[in-house]
2 protein chains.
Amino acid sequence: MKKRTYNCGLDAAVDVVGGKWKALILWALHREPLRFGELRRSISGISEKMLIQQLREMEVYGLVHREVHRQVPPKVEYSLTEFGRSLNEALIPLGDWGHRHMATIEAIPRD
Amino acid sequence: MKKRTYNCGLDAAVDVVGGKWKALILWALHREPLRFGELRRSISGISEKMLIQQLREMEVYGLVHREVHRQVPPKVEYSLTEFGRSLNEALIPLGDWGHRHMATIEAIPRD
DNA sequence: CGTCCTACTTACCAAAAGGTAGGTACCTGA
DNA sequence: TCAGGTACCTACCTTTTGGTAAGTAGGACG
């Protein structure tokens with residue numbers, strides 16, 4: 001997040017959901033609240049550092065809610081806020097598109 | 001574009017439309033084909049280098065079509081392909097979301 | 001006492017993305 | 001002859017993003 005004003009809604013949305021992981025995290029929390037370790041395991045390839053970093057940002061953005069259950073071992077659950085859920089819904093068509101064109105996308109030459 | 005396989009469609013879509021500019025360029029070409037200079041002027045803040053770089057990638061991805069009219073001064077028109085149009089449509093809900101929540105997004109504290 | 005569990009935190013590094021400033025080629029018109 | 005317009009290209013640098021590896025706290029369990 002660098003800017004303060006946007007020319008169009010897409011501009012603003014990309015700023016919020018930008019980066020490699022936020023959309024995936026949002027998606028992972030779609031069904032049910034998950035704890036840190038569950039999230040890490042459900043998003044293949046993400047490092048602990050990235051997961052926390054993104055979760056913290058998304059908490060500030062008001063997309064996810066963080067709930068600490070004081071126990072040993074620690075248990076922290078992450079869930080979507082209403083705001084997060086609304087963004088998730090806006091991402092569904094994009095996810096569908098990616099799903100429909102997966103083969104085409106994978107066939108794109110890299111570098 | 002770094003990966004070859006994806007876990008979900010959203011993953012793939014984010015890989016294609018990722019970065020700061022591609023979604024904006026797609027959006028700018030929504031109405032009509034534009035030439036290089038028109039594009040540059042219609043996307044505020046973009047540098048020539050970024051615009052070309054992104055256009056080239058999007059051409060490889062099959063999202064935009066580049067047509068050179070041999071004249072002096074040169075005229076090059078960029079337009080959306082069917083593939084590009086389909087992606088653009090998938091981005092509409094996201095753009096709407098950003099538009100609806102613009103005030104909230106702008107109010108998010110930075111850094 | 002030592003090891004395991006969870007959910008982090010920190011330091012350090014590499015790669016990717018983005019920005020700036022200049023230059024090129026071609027023809028036009030003054 | 002020389003500035004002007006279009007659509008680039010190139011080198012260099014900074015910022016952002018992502019990754020690795022290690023360490024921490026506070027019990028539980030053997």
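Protein chains get the first letters and strands the later ones, always in sequence-line order, with residue 1 at the start of each. Keep in mind it's a predicted model, so treat the numbers as computed, not measured. The figures that follow rest on heavy atoms only: side chains count, while hydrogens, waters and symmetry mates do not.
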Proximity to the side chain of [X] - top-ranked nucleotide from [options]:
X: B:M50; options: C:dC8, C:dG18, D:dC8; value: C:dG18
X: B:P74; options: C:dT20, D:dA7, D:dG18; value: D:dA7
X: A:K49; options: C:dC5, C:dT10, C:dT20; value: C:dT10
X: A:Y78; options: C:dG19, C:dC8, D:dG26; value: C:dC8
X: A:V72; options: C:dG18, D:dT6, D:dG27; value: D:dG27

Of B:V16, B:T81, B:L87, B:D15, the residue whose pairing with B:Y61 passes side-chain contact (heavy atoms from CB on, under 4.5 Å):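 For B:Y61, the side-chain contact (heavy atoms from CB on, under 4.5 Å) test succeeds with only one of B:V16, B:T81, B:L87, B:D15, which is B:V16.
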
Ring geometry between B:H101 and B:W97 (parallel below 30°, tilted from 30 to 60°, perpendicular above 60°):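 The rings of B:W97 and B:H101 sit tilted, inter-plane angle from 30° to 60°.
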
Take atom [atom1] of [X] and atom [atom2] of [N], then tell me their distance rounded to the nearest Å.
X: A:K75; N: D:dG27; atom1: NZ; atom2: P; answer: 19 Å
X: A:E57; N: D:dT17; atom1: CD; atom2: P; answer: 8 Å
X: B:E77; N: D:dC8; atom1: CD; atom2: P; answer: 12 Å
X: B:I52; N: D:dA11; atom1: CD1; atom2: P; answer: 15 Å
X: A:W21; N: D:dG19; atom1: CH2; atom2: C1'; answer: 10 Å
X: A:R70; N: D:dA25; atom1: CZ; atom2: P; answer: 16 Å
X: B:D15; N: C:dA17; atom1: CG; atom2: C1'; answer: 14 Å
X: A:Q53; N: C:dC8; atom1: CD; atom2: P; answer: 14 Å

Would you please confirm or rule out a distance under 4.0 Å between OP1 or OP2 of [N] and any side-chain N or O of [X]?
X: B:R35; N: D:dT6; result: no
X: A:R56; N: C:dC8; result: yes
X: B:R66; N: D:dC8; result: yes
X: A:K20; N: D:dG19; result: yes

Side chain B:R35, main chain B:P74, donor-acceptor under 3.5 Å: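 Here the side-chain-to-backbone pair exists.
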
Short N-O contact, B:E38 and B:R41, less than 4.0 angstrom: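 Salt bridge: no.
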
Single-linkage hydrophobic cluster B:V76~B:V72, side-chain heavy atoms < 4.5 angstrom: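 B:V76 and B:V72: separate clusters.
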
Sugar-phosphate, base or nothing in reach of A:E48, heavy atoms under 4.0 Å: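 If one applies the 4.0 Å heavy-atom cut-off, A:E48 turns out to touch a base.
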
